[in-house]
Amino acid sequence: MKVIITGSSGFIGTHIIKQCISDPSITQIFAWTRKPLGASISSEEKVKEIIVHDFMKLDDVIEQCAGASACIWSLGITPGKLDMKTSRHVSVDYTMHALAEFKRKLQPQLPVGTSFKFAYISGVMVERDQTKKLWFAEEVRHIRGEVENALCCFAKEEEKKGNVQVMVARPAFVAGDESPLWIRALVMAGVASIRVEKLAETLLKFAERGSEKVIWENADLDKGL
């Protein structure tokens, strides 16, 4: 299996790539990134590092990903670093444009009857109700909720066609050995969380097997496929 990973330099994306490297069923990893990855990952035989300068112009990028049957979309935004217009463009436009391109260019390359798998990493605090007032991070949570709504509509349209299967992953706190102390303290206190290794495992199983289930809450992700 060949898989595309976006947000490859991030915490979750890095762990997904590491699991891909150790998984014998995965033959190639197309690591989309906006900046060069560390040598410890980019030097791996399975990994093809692809620098993406413009996520709205993907022709050349997708040409390098021939045979990919799945994408795990881990590209995110950091609250406060971008203005809301740019945040929406990165979150909504990048995601939906790439998904449309995967359907148009990569799915037809797959064996007849095989769907392209697209897993989007969202979050438990994301709000799909665009009219709901929120106490904190309202605009960012609504923007991510807009992405979820668009993906759910896309998945609904694809139900009978079977060309693309979509997963919207909504993890709570994602914890790993390198997590900040405050996250580890919350996990120790019993706040809802998931180990990054388990999250990566469930996402990769979806990439391989697919699922008719679209929305995956933290408990679903922890239970796995």
Side-chain angles (χ1 to χ4, degrees), residues 5-16 34 55 71-99 117-156 165-207 211 213-225:
I5 310 295
T6 70
S8 300
S9 61
F11 169 58
I12 295 175
T14 298
H15 276 274
I16 294 170
R34 288 173 286 190
F55 278 82
C71 172
I72 299 176
W73 195 268
S74 182
L75 185 68
I77 56 173
T78 303
K81 287 192 71 174
L82 301 173
D83 61 77
M84 286 303 105
K85 181 179 179 180
T86 305
S87 295
R88 186 187 180 281
H89 182 56
V90 171
S91 298
V92 182
D93 298 338
Y94 282 11
T95 306
M96 299 312 298
H97 176 68
L99 181 53
K117 315 299 190 299
F118 183 85
Y120 173 80
I121 302 175
S122 186
V124 71
M125 296 299 290
V126 169
E127 181 54 60
R128 292 195 292 275
D129 183 350
Q130 299 292 292
T131 64
K132 186 174 181 179
K133 295 295 181 182
L134 304 173
W135 288 102
F136 66 95
E138 180 177 68
E139 291 179 313
V140 171
R141 289 163 67 189
H142 277 160
I143 287 171
R144 297 293 294 276
E146 186 178 350
V147 182
E148 289 194 10
N149 289 335
L151 289 171
C152 287
C153 288
F154 185 97
K156 186 71 175 176
Q165 285 191 322
V166 174
M167 166 195 265
V168 175
R170 290 169 51 85
F173 286 104
V174 181
D177 294 338
E178 63 271 69
S179 294
L181 284 174
W182 67 272
I183 288 185
R184 282 183 275 172
L186 289 173
V187 172
M188 291 290 290
V191 173
S193 64
I194 186 170
R195 289 288 304 183
V196 66
E197 297 86 358
K198 182 61 184 181
L199 174 60
E201 176 188 314
T202 300
L203 291 166
L204 287 174
K205 284 184 177 177
F206 169 80
S211 172
K213 184 181 182 70
V214 177
I215 299 294
W216 288 67
E217 299 293 351
N218 193 73
D220 302 319
L221 295 165
D222 205 26
K223 183 178 179 182
L225 270 164

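Position 1 is the first residue of the sequence; numbering continues from there.
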Under the side-chain contact (heavy atoms from CB on, under 4.5 Å) rule, collect the residues that match up with [X], sequence neighbours excluded.
X      : result
Ala169 : Met167, Pro171, Leu203, Leu221
Ser122 : Tyr120, Val126, Arg144, Glu148, Val168, Arg170
Lys223 : none
Ser211 : Phe206, Lys213, Trp216, Leu225

What pairs with [X] under side chain to side chain donor-acceptor pair (under 3.5 Å), at least two apart in sequence or on another chain?
X      : result
His89  : Asp93
His15  : Glu178
Lys205 : Glu201
Glu139 : none

Looking at [Y], is its backbone amide N or carbonyl O close enough to the side chain of [X] to form a donor-acceptor pair, meaning the two atoms are under 3.5 Å apart?
X      : Y      : answer
Gln130 : His142 : yes
Arg34  : Ser9   : no
Ser193 : Val174 : no

Hey, could you give me the [atom1]/[atom2] distance between [X] and [Y], rounded to the nearest 0.5 Å?
X      : Y      : atom1 : atom2 : value
Ser8   : Ile16  : OG    : CD1   : 8.5 Å
Leu151 : Leu99  : CG    : CG    : 6.5 Å
Phe55  : Leu75  : CZ    : CG    : 5.0 Å
Trp73  : Ile5   : CH2   : CD1   : 11.5 Å
Ile12  : Ile121 : CD1   : CD1   : 5.0 Å

Test log, rule side chain to side chain contact (heavy atoms under 4.5 Å, CB included), inputs Met84 and Val140: CA-CA 8 Å; Met84 286 303 105; Val140 171; 4.0 Å; yes
Looking only at heavy atoms, which two atoms of [X] and [Y] are closest? And how far apart?
X      : Y      : value
Gly224 : Thr202 : CA-OG1, 3.5 Å
Ala155 : Val214 : CB-CG2, 3.9 Å
Asn218 : Ala172 : OD1-N, 2.8 Å

Using the test salt bridge (Lys or Arg N to Asp or Glu O under 4.0 Å), find all partners of Glu138 that sit at least two apart in sequence or belong to another chain.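 Checked Glu138 against salt bridge (Lys or Arg N to Asp or Glu O under 4.0 Å); zero matches.
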Partner residues of Lys132 under the salt bridge (Lys or Arg N to Asp or Glu O under 4.0 Å) criterion, sequence neighbours left out: Glu127
Sub-4.5 Å side-chain heavy-atom contact between Asp222 and Arg195: no
